[in-house]
Amino acid sequence: MPIELEKNYNPGETESKIYQLWEESGFFNPNNLPERHQKPYTIIMPPPNANGHLHAGHALTMTLEDIMIRFKRMQGFKTLWVPGADHAGFETQVVYEKKLEKEGRSRFKMDRRQLYDEILTFTLENKKHMENEVRRMGSSCDWSREKFTLDQDIVRQTQETFKKMFDDGLIYRGPGMVNWCTKHQTSLSNVETEDIEKEDTLYYLKYGPLTVATVRPETMFGDVAVAVNPKDERYRQYVGQTIEVQTPIGPMKLPVIADESVEKEFGTGALKITPAHDANDFALALRHNLPIRPVIDQFGKLTAETAKYAGLKIAEARKQVAEDLQNLGLIQKTEPYKHAVPTCYKCGTVIEPRILVQWFVKMKSLADQALQAVKDKKVSFVSEHFERVFTYWMEHPIDWNISRQIVWGIPIPAKVCTSCNYGAPDLENTAHTCPRCNSPLQQDTDTFDTWFSSGQWPYLVLGYPESPDFKTCYPTTVMETGRDLIFKWVPRMIMFGLYRTGAEPFQTVYLHGLVNDAQGKKMSKSKGNVVNPLDLIEKFGTDALRMGLIVGNTPGMDTTLSEDKIKGYKNFANKLWNIARFVLMSIPDSSDFLNATPTSDDRKLLDDLTALAADITIDMEQFRFYMAAEKIYHYVWHTFADKILEDSKARLASEDSTVKASAQRTLVEILSNSIKLLHPFMPFVTEELWSKLPLPDKRLLMIETWPQ
RNA sequence: GGGCGCAUAGCUCAGCUGGUUAGAGCGUUGCAUUCACAUUGCAAAGGUCCCUGGUUCGAAUCCAGGUGCGCCCACCA
């Protein structure tokens, strides 16, 4: 009996069944692939944060990487796609703190150990959801190799990198300027702050014989100098002098110094120097050997140094100080002033620059090596312009603060002195006394910036240095991730990879753009336009969602996700289903017809498809998935269904058995090749239909050969 | 202030190294329908390819300038 298909394709039922079939087949694991699969092709999945659900961007990541992997697997590569989960230090802790807040609790009143354990439980719970959602996307990744950033071996290697970098002089212990979030009580790296435009007042303050311009009069108590440009004739006579400055809490004496960094044109050309609370002033203070005088504490309140202002929060203090200065006649004038201020990217609190004794990575030499690797084309970017963006970043490296004052993360394996600034790695827990001052040492309670571990991800997940996976699969083939990670993650992976393994971590970087809403607007919780990929899967099926994400989506460019578009691909899945239904209804029980000689007309149809397959293969090789997908879609619907299939109806009814058998054979062959070409994009419906085709020696479609 | 990108049909976007009549999806309009599929088919309407200049036999495509928009970075306090 011919195989009968249901009238319509039902994605829901099919998808869970098929994924289970794949997973049980073992073919996600390259070790189980048939003999022909020899040459490695490896992708390390950017580990999604294990603190919530997949979003549209993840859905795009999974789709693109799965397309690459499935295509290469069919071509005969030994494909490995390693899934992972990121503990996402600060991000997760923020999520958990919000949860605590709702429960009326606070991390600051909790025992460190308890807080850690609670977040761990929370994370492991969410990690399961995340993993199931990765499966729902159809991802053919090797779950047997899944890694979590807090796995013991990962933690151990991360800590060893820290020690090695310290020994090599690439990591040093501050004091250094850090971005301090007064709400979250931790320092943040430069990529964890977000500049926002702010309207402030620019105050012109009388500083003895000079006038300085500032938006932060409350920091005047921390001033240690006034700086002018050495070429500024107006102030030349004061350079080297000490001036007496009136303040609401009494006079202070400040030296006047000359420094090139001072702009003559801005304000009055004279700049108050507050090294404890301004990154530029700190750099300038280092150049001129100036003292550092902190007047703001970790909670953003003024310190005892400021006498009557002590305990006031910055905003309140600013108001008070300005008012008092006004009354003393020390404000010459004020003007409105628009500028960008860095804020905590999670809570929007204005960052307070502070000088703290913490760990920093020296970026210059690492960045130079990364730059060279890219120049030498050891790493190339899909969409070449990303190379320019990357180069710009690597030419302007800033030392990287890797200490976080949060519990959720990999502990920094170091001992720090209780009385001086000494600190050093101590992985084996053997150091107890400070070699500098003999004071007791204590375990550093800080954890690593999460990018410090995820930056090492490619070689860590492959089991560097000893594992066979590392030896055969590193450098990996492609790193596919979001465009915004060109400066957060990609450079760190290249730098760490080159430093620790001596080789670049991947050969090609494919960056995708943002997934925006149907109107092209960025999705955000506050706008309420966030689209949940799981909802779309429920509604239209995974295959339809994948096509909707891929077609028309060029590398690096943002894309829009609209239900109408996805609906169109749901219809397409059904169209394909019905093509197969028709073909299966048109062929006899016996499979003799498969050996029929095609008529010359049919031969032409088969040759056309071969040519198309070759064309599509080139698109796939060159990462033009948006185009390959559209081409096969167009062929299946508007050539195969609308023309070939319609034309075949007469021949299928032919009395001439040669003509009839040729038509049958041709239809089956075109169908099976179309299904193969579509498989990377629409894996579920194609695998299901493949199972229905009356072909000899059939295996799972996922390991079938790509059409030549 | 610097960097990167974008501007093509009503909407969202393709158009790779310059080459007949500029394409797709959705939307719109008309017609069809006991057929594998109404989750369908056939057909139609719809474009100053942002503007100006240049290179070329030939420009949506390459170059220069302009305009508008988006993103990222930045120490003029």
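Throughout, a chain's letter reflects where its sequence line sits, starting with A, and its residues are numbered from 1.
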Base partner of [N], which must satisfy Watson-Crick or wobble distances under 3.5 Å:
N	answer
C62(B)	G54(B)
C11(B)	G25(B)
C76(B)	none
G5(B)	C69(B)
U48(B)	none
U39(B)	none

Pairwise 5' ranking along RNA chain B for F266(A) and E630(A), keeping only the more 5' one: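 Its nearest nucleotide being more 5', the pick is E630(A).
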Nearest-nucleotide comparison on RNA chain B, the residue closer to the 5′ end among H385(A) and T193(A):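 First, find each residue's nearest nucleotide; the 5'-ward one identifies H385(A).
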Protein-nucleotide distance (I486(A), atom CD1; G3(B), atom C1'), rounded to Å: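 So the CD1-C1' distance, I486(A) to G3(B), works out to 13 Å.
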May I ask you to decide if the ring planes of [X] and [Y] are parallel, tilted or perpendicular, using 30° and 60° as cut-offs?
X	Y	answer
F623(A)	F625(A)	perpendicular
W577(A)	Y9(A)	tilted
Y569(A)	F572(A)	perpendicular

What's the closest nucleotide to the side chain of [X] if the choices are [options]?
X	options	result
D642(A)	C16(B), C6(B), G41(B)	G41(B)
R581(A)	C26(B), G25(B), A36(B)	A36(B)
N280(A)	C75(B), C4(B), A14(B)	C75(B)
W393(A)	U39(B), C73(B), C71(B)	C73(B)
F582(A)	G5(B), U39(B), A36(B)	A36(B)
E263(A)	C76(B), G25(B), U40(B)	C76(B)
T554(A)	A74(B), C37(B), G15(B)	G15(B)
V389(A)	A74(B), C13(B), C4(B)	C4(B)
N571(A)	G5(B), U39(B), A74(B)	U39(B)

N578(A) side-chain N/O to U39(B) phosphate OP1/OP2 under 4.0 Å: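 For U39(B), neither OP1 nor OP2 has a side-chain N or O of N578(A) closer than 4.0 Å.
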Y633(A) six-ring centre to K575(A) NZ/CZ under 6.0 Å and within 45° of normal: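 Verdict for Y633(A): no cation-pi partner in K575(A).
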Which is true for [X] with a 4.0 Å heavy-atom rule: it touches a base, it touches only sugar-phosphate, or it touches nothing?
X	answer
T560(A)	sugar-phosphate
H638(A)	sugar-phosphate
E646(A)	base

Salt bridge present between K377(A) and E387(A) (N-O < 4.0 angstrom):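 Yes.
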